[in-house]
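Working notes, beginning with the structure itself.
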Amino acid sequence: MSKIKGIITFVLRLIALACTIVATIVMGTAHDSASVLGIKFDAKFTNSPSFKYFVIAYAVVSFYSLVVLLLPFKNLLWRLILVLDMVVTLLLTSAASAALAIAYVGKKGNSHAGWLAICGQVPKFCDQTSAALAVGFVAAIIYFVLLLYSLHAVLSPLFPAST
């Protein structure tokens, strides 16, 4: 049974690693340019602190995921990994949420603040951003599942099922 748990954890971590790497690369390479009233402007992830936060957070989590994948399964650090998984899950959620808020304003605008939607002028940038956010949320969900699975594995010996 322990071997099956290890395989499930490994596969989930591998998928999470792939998702965080893809989200980082797609958001990091998102760019487009448009000309409005004869003025050319570029849309890229570095124009928004939220998108920068997304790229940095997902790059950090990618590195963390790779390090954790390389740890032996019977290592004593797995209790610490449980805590770090919780921090990583929160980091992914906050980065994706911040980026989603800015992406929504870019797509819909905000009439109350006078902000115009820009996705009509830079659709490639918006499509890349949307793809990065979708993959990023998949990574966050996988880490949440990993967190629940790890909590169950750690707590189940403490609360044995009564027969």
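Computation of the quantities below employed the complete heavy-atom set of this structure, encompassing side-chain atoms and omitting hydrogens, waters and symmetry-equivalent molecules.
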Rounded to the nearest 0.5 Å, what's the gap from [atom1] on [X] to [atom2] on [Y]? Could you check?
{"X": "K44", "Y": "K52", "atom1": "NZ", "atom2": "NZ", "result": "10.0 Å"}
{"X": "Y104", "Y": "S130", "atom1": "OH", "atom2": "OG", "result": "13.0 Å"}
{"X": "L12", "Y": "I8", "atom1": "CG", "atom2": "CD1", "result": "7.5 Å"}
{"X": "T129", "Y": "F54", "atom1": "OG1", "atom2": "CZ", "result": "9.0 Å"}
{"X": "I21", "Y": "F63", "atom1": "CD1", "atom2": "CZ", "result": "11.5 Å"}
{"X": "T29", "Y": "I25", "atom1": "OG1", "atom2": "CD1", "result": "7.5 Å"}

[X] with [Y], same ILVMFWY side-chain cluster at under 4.5 Å:
{"X": "L80", "Y": "V88", "value": "yes"}
{"X": "L133", "Y": "V26", "value": "no"}
{"X": "V11", "Y": "V138", "value": "yes"}
{"X": "Y58", "Y": "L100", "value": "yes"}
{"X": "I4", "Y": "I15", "value": "yes"}

Work out which heavy atom in [X] is nearest to a heavy atom in [Y]; give both atom names and the distance.
{"X": "F125", "Y": "A43", "answer": "CD1-O, 3.5 Å"}
{"X": "A96", "Y": "F137", "answer": "CB-CZ, 3.6 Å"}
{"X": "S50", "Y": "I102", "answer": "OG-CG1, 3.4 Å"}
{"X": "I142", "Y": "A16", "answer": "CG2-CB, 3.7 Å"}
{"X": "S62", "Y": "L17", "answer": "O-CD1, 3.3 Å"}
{"X": "C19", "Y": "V135", "answer": "O-CG1, 3.2 Å"}

Practice item. List the steps and the verdict of side-chain contact (heavy atoms from CB on, under 4.5 Å) for F51 and T46. Key: CA-CA 7 Å; F51 291 157; T46 56; over 6 Å; no

Pairwise side-chain contact, [X] with [Y], heavy-atom cut-off 4.5 Å (strictly under):
{"X": "R13", "Y": "D85", "answer": "yes"}
{"X": "M86", "Y": "T89", "answer": "no"}
{"X": "S97", "Y": "T93", "answer": "yes"}
{"X": "Y53", "Y": "L91", "answer": "yes"}
{"X": "L82", "Y": "L147", "answer": "yes"}

Review point. Under 3.5 Å, side chain of D32 to main-chain N/O of D127, donor-acceptor pair present?
Key: no

Exercise for review: Kindly check if the number of other-residue, nucleotide or ligand heavy atoms within 6.0 Å of OH (Y149) is above 12?
Suggested key: yes

Review point. Going through the distances and angles, do Y143 and S65 end up as a side-chain contact (heavy atoms from CB on, under 4.5 Å)?
Key: CA-CA 10 Å; Y143 258 101; S65 298; 2.5 Å; yes

Practice item. Please report the C-alpha distance between Y64 and T20 in whole Å, then the side-chain angles of each, then the deciding distance to 0.1 Å, and finally whether the side-chain contact (heavy atoms from CB on, under 4.5 Å) criterion is met. Key: CA-CA 10 Å; Y64 166 79; T20 56; over 6 Å; no

